[in-house]
Every structure is written in structure tokens, then in C-alpha cells.
**Student:** 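After the C-alpha cells below, expect a handful of questions from me.
Everything numeric in this text was worked out from a predicted model, so none of it was measured. Within every chain, numbering begins at 1; the chains are lettered A, B, ... in the order of the sequence lines, protein sequences first and strands thereafter.
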Number of protein chains: 2
Amino acid sequence: MAKEPEDTIASRISRVLADRIVRGELSAGLRLRQDHIAEEFGTSHVPVREAFRRLEAQGLAISEPRRGVRVASFDLKEVREVAEMRAALEVLALRHAAKHLTPAILDAAEEATREGDAAADVHAWEEANRRFHTLILAPCNMSRLLASIDDLHAACARFLFSAWRSGWEKRTDHDHRAILLALRQGRADEAASILERHVQWIGRAPKSTQKGAVAPDAFAIVG
Amino acid sequence: MAKEPEDTIASRISRVLADRIVRGELSAGLRLRQDHIAEEFGTSHVPVREAFRRLEAQGLAISEPRRGVRVASFDLKEVREVAEMRAALEVLALRHAAKHLTPAILDAAEEATREGDAAADVHAWEEANRRFHTLILAPCNMSRLLASIDDLHAACARFLFSAWRSGWEKRTDHDHRAILLALRQGRADEAASILERHVQWIGRAPKSTQKGAVAPDAFAIVG
DNA sequence: CTTCTCCAAATTATAGATAATTTTTAATTC
DNA sequence: GAATTAAAAATTATCTATAATTTGGAGAAG
């Protein structure tokens, strides 16, 4: 019987709710009522409350004792904070991963970049983007670091999905390609600094390319 | 009636258990049986389970579905990982905090350093050490970043308490003083790089001062 | 007479206790 | 050593109490 990897109801609920929050289906400030959620999942409120604790730790929900749980708000200031944390930690991860990267991994990362460039919508792009970052960072073999990066990446994705209003237009990810090139040539430090800049851009106002000609999005949302 | 700040039983339990784990009273790998803990705190196991989720997120406990929760193990590799993460994030925090630091804050941090130097035991030293780091970083005003650093600091403290076997001998914290000096003189970048080196030392083998003459501790444990 | 405010009752939701069920682990027997 | 059974512990359900919010109404002010 194809059974999901997670066994407990609580973990399943937290995964589903996290996904909904990230995708923007549950908007910031919304109250998460344990009885309603319990009813939806056909369980009692006990595992729901455990799921809440995990969401709280991930920064996706905020709990006030005796007053309930709400979807965490996130303003631009928080997004920048998350982006800077992510940049700092991804640089660290890449520095350790670099020596373990194989051509096969870099090929897979390049393929992920291509898929991102060809993505039909923002969700497909984000999936490919996350795969790229995971591929080049996972070989650092530092599980706690990778888990932290994952949570931060989710927060970034939440911003991406919320900020993206207009239709998706194909784009070419030059940063990803520059990172891969540097890695292939053994210049890990350069790859790390491109990665740092790349991630830090999230939530920052893009350079006005020309006076009056502002990009369609008011803030850089990729990464 | 003097009531503790936290309202829920779960948060109280998680704080107490976290403290015990950090102080080494609960050793790595020990099973945390919810019924026993519930009995000790005079509650049911429901809030205990919620406390477990928080400990899990903090990296202090590990839960295997249907098999219970254990105190997280931590080998030297994990300590180094935590130290490097902490270094990366504290550098980020200090860069943002620097511009908001006041002479009053720096004076308080210097006082914390003095108290650390005069500490009678390792717990007093750690309390002062944590105060120093918190004082100079808190003005960055990035709550998520500070919360992450706090969790990482707890993991470092856990290593410190576990590694410290012999009696406590007074020491002078030159790094803290160098950081404060640089901050007072407005050289934030230099302060940050001293801080980075300072924290990264945790869990690393110290330079053998002389052949055969190894330091009393096999690894650097302060920070 | 209308409107605003303040207080109390009723409703709703959260937090926790107790109980039932399932799963894992240990033990004993073949 | 394998298999069956018994004990223990984890997960979840149901139930209760307590705290928070809302609603309704009385009284005062405009």
C-alpha cells in the first residue's frame, strides 16, 4: 500500500498547512481554528495543535496563548531579513559542498536551471529553482544547516507567490548559470559570492534600468 | 499572584526540558517518555507532546514516529556545524546592529565581559557570555535572525557544559574586548571578522601551543 | 428620540484531562 | 533461532474546564 513517508497525522497536517500558507491560499493574519482544521482532516484537535507548534517554529504561524494561532504576517522587512539569512547560510553550505560536487550533480543542476527557464508558471519555476539550490548545497552534508535553509527558502517562496500578480514570462537565469560555470572551473569562492548576491536580491528594489522605466515587478522576487 | 510570563503548560515544559538538555542533566540519546514527564509536571501527556515538537524544532530532541522522542545526539561534527552557522548569522546580525549600538550598550557588554572573566563556574561564565552576545546583536532588530542565533547558542552551550570536566579557571576574554574596541572605534567590519573567528573556534582543535603540551581542554569550547 | 458607552450574559474557542486504540518492544515458548 | 504472546508506550479520540469574544441591553449623554 503506497504509504506516505510521514506516519503521524500531525506531520501530515503541518505539511499541508505549510504548503497552503506558502502558496498564499491561507493569507497572512488569518486565524487557524483548530476545530475546523481537525474536522477537515477528520481528526481530533490534538494532532492539529502539534502541527501548529511546527508551523510556529518554521515562522509560518504565530500563536498567542489562549487566543489561538494565526498565519504569520510578513512585510518586506521580514522578507529581506529572511533573504539575508538565506544568503549567509547558503554561502556557508556551498563552501562546504563545493569539494563534494560531481559533474553529474552539476549537470542535474543545469538541467534544473533549464527547466526553470522553460517553466510555464511561477509554481513550476519555483520548483525548479528549489531543486537547483538543493542540488548544489546538499553535498555539504550538514543536515541542520540544510533544514534551516529549507525553512528560509519556504519563506522566500511565500513572498514570491504573493508578489507575483501578472502572468508568467519566461526568463533566463544568468545567475544560476554563472554559479555553475564557476563551480565547474573550481572557483568555489566566486560561485559563493554570486550565490550570495543572487539570494540577497530577494525583496530588494531592482536597479532602475532606466529613468522612468521600472521593471514590471516593484521588487526582485526571484532567487 | 506572581505568574510566569508563559501561559501554557507546554511552553513551560519545553523550557525546563531544554534547560536540562543544555545543562547535560539529560544526556544524549536518552528516551523522553511522555508519561513520565507528564507525571513529573503533574499534567497529562498532551502538553508534553507539544513541548516535544518545540524541542524537536530547536534541534534538542529527535522524534521517530511511533517510537518516541530521544535527546538529540551531538558529535563534534554537529557542534562544528552549529558553530559555523552561528558565526555566519552573528556576523550578519552584527553588521546590522553596528549602526544602532550606543555607548551605553557597549558599556553593558564590557561589564558582561568582566563578569565572565570573574565567573566562578562554567554556568556563570556562559550566562555572561550569552549576555555579551545578545547585547551587541539585539539592536539589529531582526527577530527571526535573533531567534535562530539563540537556538544555535543553546546548542553551543550544551557542548560547553558537556565538554567541561575539570574545575573552572578564570580567563580573560581577549576576543570580546577586541570586538568592543573595534565597535567603539567604528570599525564594524573588523569587529565582525573577529566575531566570526571567535565563534568558529568552538569545537575546533586548538593550536597545539607546543609539542606535547596540549591545552587542558582537547577542543575549544568557549565562544 | 437617537446614539454611544459600559456592563453582563451567552456563545465560541482554546487548553488540558481522561480514555481508547494501535504500534512497538520484550519475553517466553516451541 | 523463530514465532507467538504479553507488556509498555505512543498516537489519537472524546470529554471537560477555562478563558476570550461577541452580543444584547440598560443607562447616560447629546
**Student:** Heavy atoms from C-beta onward define the side chain here; which of D:dT12, D:dA9, C:dG16 lies closest to that of B:I9?
**Tutor:**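 Among D:dT12, D:dA9, C:dG16, the one nearest the side chain of B:I9 is C:dG16.
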**Student:** Can you find an N or O donor on one side and an acceptor on the other, under 3.5 Å apart, linking the side chain of A:H45 with the base of D:dT12?
**Tutor:**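 No, no donor-acceptor pair under 3.5 Å.
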**Student:** Give a yes/no answer on whether the side chain of B:R49 brings an N or O atom under 4.0 Å of OP1 or OP2 in D:dT11.
**Tutor:** yes
**Student:** Would you mind telling me which of D:dT21, C:dA17, D:dT11 lies closest to the side-chain atoms of A:T8?
**Tutor:**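 That would be D:dT11.
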**Student:** Stepwise, does the ring-ring contact (aromatic ring centres under 6.0 Å, His included) test hold for B:H45 with B:H36?
**Tutor:** CA-CA 9 Å; B:H45 63 252; B:H36 297 189; over 10 Å; no
**Student:** Would you say A:R67 places a side-chain N or O within less than 4.0 Å of OP1 or OP2 belonging to D:dT21?
**Tutor:**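 For D:dT21, OP1 or OP2 has a side-chain N or O of A:R67 closer than 4.0 Å.
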**Student:** Would A:R12 and A:D7 pass as an ion pair if we require N to O under 4.0 Å?
**Tutor:** no
**Student:** Classify the ring geometry of B:H198 against B:H176: parallel below 30°, tilted from 30° to 60°, perpendicular beyond 60°.
**Tutor:** perpendicular
**Student:** Starting from the 5' end of DNA chain C, give me the residue, B:R31 or B:V46, whose nearest nucleotide shows up first.
**Tutor:** B:V46
**Student:** Whole angstroms only, please: what is the CZ-P distance between B:R33 and D:dA9?
**Tutor:** 6 Å
**Student:** Looking at the side chain of B:P47, which of C:dT24, D:dT21, C:dA17 is the nearest nucleotide?
**Tutor:**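 Closest nucleotide to the B:P47 side chain: C:dA17.
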**Student:** In whole Å, I'd like the distance from the CD atom of B:E39 to the P atom of C:dA17.
**Tutor:** 13 Å
**Student:** Between atom CG in B:D35 and atom P in C:dT18, what is the gap in whole Å?
**Tutor:**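 Rounding to the nearest Å, CG of B:D35 and P of C:dT18 are 13 Å apart.
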**Student:** Whole angstrom is fine here: how far is it from CG in A:D7 over to P in C:dT23?
**Tutor:**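 Distance check: A:D7 CG to C:dT23 P gives 8 Å.
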**Student:** Using a strict cut-off of less than 4.0 Å between a Lys/Arg side-chain nitrogen and an Asp/Glu carboxylate oxygen, indicate whether B:E50 and B:R54 qualify as a salt bridge.
**Tutor:**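 Here B:E50 does not pair with B:R54 in a salt bridge, since their nearest N and O are not under 4.0 Å apart.
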**Student:** Take the protein atom CZ of A:F52 and the nucleotide atom P of C:dG16, then report the distance between them rounded to whole Å.
**Tutor:** 14 Å
**Student:** Just compare D:dA13, D:dT18, D:dT11 and give me whichever is closest to any side-chain atom of A:R66.
**Tutor:** D:dT18
**Student:** Give the rounded distance in Å between these two atoms: CD of B:Q34 and P of D:dT11.
**Tutor:**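 Checked: the CD to P distance equals 6 Å.
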**Student:** Take the protein atom CD1 of B:I13 and the nucleotide atom P of C:dA17, then report the distance between them rounded to whole Å.
**Tutor:** 9 Å
**Student:** To the nearest Å, how far apart are B:E64 CD and C:dT24 C1'?
**Tutor:**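 Value for this atom pair: 12 Å.
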**Student:** Could you work out which one of C:dT18, C:dA13, C:dT25 sits closest to the side chain of B:S44?
**Tutor:** C:dT18
**Student:** Going by an N to O cut-off under 4.0 Å, is there a salt bridge joining B:E115 and B:R131?
**Tutor:** yes
